[in-house]
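Heads up, the thing below is written out as structure tokens.
Quick note on labels: first sequence line is chain A, next is B, and so on, each numbered from 1.
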Amino acid sequence: MLSVRDVTFRHGRTTILHGVGFDLNRGDFCGLLGPNGSGKSTLAKILARVYRPECGAVTYDGADVLGMSRREAARLIAYVPQSSEVAFDLSVRDAVLLGRNPHIRVQPAARDWEVVESALDLLRLGDLADRSVASLSGGQAQRVLIARALAQEPRILMLDEPTSALDLRYQIETLQLIQEITASRQIISLIAIHELTHAHFFCNQVVLLDQGRVAAAGAPDAALSAERISDLYGIDVVVRPSGSRVEIFPALFDSGGDTHDNAGR
Amino acid sequence: MTTPSNEVAADATPSRPAPRPSGRPGRRPPRRFKALIVVVSYVLAAALLIWYVPIGTADVTFGDVVRVLRFTVTGAAVPEDFQSTFTIVQGLRLPRILVAAVAGASLSLAGVVMQAILRNPLVSPFTLGVSPAAAFGAALVILTTGGAGNAVLVTAAAFVTATVASVLVLGLAHSKSSGQITATVLLLGIALTQLFEAATSALQFIADEDTLSAIVRWTFGSVNDANWSDFSLIGVVLVASLLVILPNAKHLNAIAFAGEDAARSLGANVTAIRFGLIGVSVLLASVVVSLCGVIGFVGLVGPHIARMIIGADHRYLIPFSVVTGAILLATADTVGRTIISPIVVPVGIVIAVVGAPLFIYLILSRRTGR
């Protein structure tokens, strides 16, 4: 179980996170939602051990995530940043191999290469493996970052808006893939994401952040009400059941006048 | 290099799979050969250095060099008729070539580390202002001790000012550390370079003619006065630095290719590595500059050539940059010795004359991707 307790983070005089806390279990795929500047990326970086919170605790099955060595933490949690600039020429395969860093001493072993190849295959990067990362499209480069995180064989996968550079098809494929891996490997995945409909459909848990505080946490059905979303984003939204799923969209084109009513659950 | 060009940007779809290169994967040497290339390159470099020894001296043959090496290794008594050849080769030529080799290796090694940590292929060990600071320290001592000066004191002063300047840059950058540390380091380095160049110019302005020529001669990097103790000193620092740097190769990969944040999440202690390894680079560059003067371009071009041949994986790039730097500087010095013989052109001038066009070529021939 991943347990985040009372995490507070300041940048200069601005407090970015105020006592954030939530729990996730193995197999949970959690959407980290909230407007721009609500603290999603900061929370992601704290879990990835990029930032150190001012106070609070993060534990995984009782182990202190913030206190363990960087190598240990890197074996536990993989982080997919929003984007990555490449200053040097590097092949896709070597870029994915970076994910093995916490597992290797100096030289990668045969097993490391196997893991890299299977991560490449999972993200359908096999044909691009020898290409330079600099020659890839934005979407391909994003998938390389996800493959790198999977090669890390983490028990917690922290993705910071991994789908924002992807076209619709790859967004869905990526989310399906993460959902599938989360279930099959029984890991915990967290994804910072703006697409509320996608989050509702793919994630079994969501955490809504509002100016550094948890506004709601839990199952998407309960947490993502039209009222709460409208309130949080400052724009009227419609939450409309559509078959077994739910569509969430701005009320711009909705003249039916049922903006808030059908959300009440 | 960050924006993909259009013709390669299209995502490969399953219906239109990108052609898989058959047989040879990629344009770079396959991985299992990279280690072999590194080993072979060290053997070749050693052979090349021995081959350079007799060049430019009419009465020394390659056989003589081998003989000298045998006497040196076995410690056997040198015959009377061979004594003068032995002295030339053992006392002058060998240390000169070896110092050029280890100095080039050190600068190239420092360059590859700086480029990785600052994530910028255009920085060099002198980016932090090491060389103008060293030149200022040397000029100050030459001026105050008058003309010729005390060689050891000049060297020490150059080393101290170079180190102080770099520590200043790193310290200031760290105190203001908020994400943009790389840009801060680069800008502070530029500022300090300007400052020390102005200060050295001021010293030159008030110096008399003899002192002025001594200062100018010092700033031309050269290995003309190289001796065995220079070789040992640079060599020891080089080997010790390699022992510190090589185990961090995978972390350098993470920092260079994934960025500092991602490198942290991949298990690298970025802050410690950044300051530790920049410190090692500064030490390497300061030692070379204080003993040989300012030798530019090797720290920039050496890593570039190495990267073109063996690829960007630092596990191979680091040891290979050592070789390219060594060969580059030893070759430049051999050219400088022989091109308008008997006049010896300082290696710093040769490498700048050869290095600048070479670097321009490297930049212009650099394609996006691949």
Side chain / backbone / both / neither for A/R75 at chain B, heavy atoms under 4.5 Å: neither

Please identify each residue that fulfils side chain to side chain contact (heavy atoms under 4.5 Å, CB included) with A/Q82, with sequence neighbours left out. A/S41, A/D160, A/E161

What's the separation between atom CZ in A/R148 and atom CZ in B/F257, rounded to the nearest 0.5 Å? 12.0 Å

A/R105 CZ to B/K250 NZ distance, which is reported to the nearest 0.5 Å: 6.5 Å

Just how far is it from atom CG of B/N253 to atom CG of A/L97, taken to the nearest 0.5 Å? 8.0 Å

Taking side chain as everything from C-beta outward and backbone as N, CA, C, O, which of these in B/A254 sits under 4.5 Å from a heavy atom of chain A? Side chain, backbone, both or neither. both

Does A/E153, at its CD atom, have more than 12 non-hydrogen atoms belonging to other residues, nucleotides or ligands within less than 6.0 Å? yes

Just to be sure I understand the criterion: a residue of residues 261-270 of chain B counts if one of its heavy atoms is under 4.5 Å from a heavy atom of chain A. Which ones qualify? B/D261, B/A262, B/R264, B/S265, B/L266, B/G267, B/A268, B/N269

Proximity breakdown for A/I77 and chain B, heavy-atom pairs closer than 4.5 Å: backbone

Under a 4.5 Å heavy-atom cut-off, does chain B meet the side chain of A/I104, its backbone, both or neither? both

Tell me whether A/E180 at atom CD has more than 12 heavy atoms from other residues, nucleotides or ligands lying less than 6.0 Å away. no

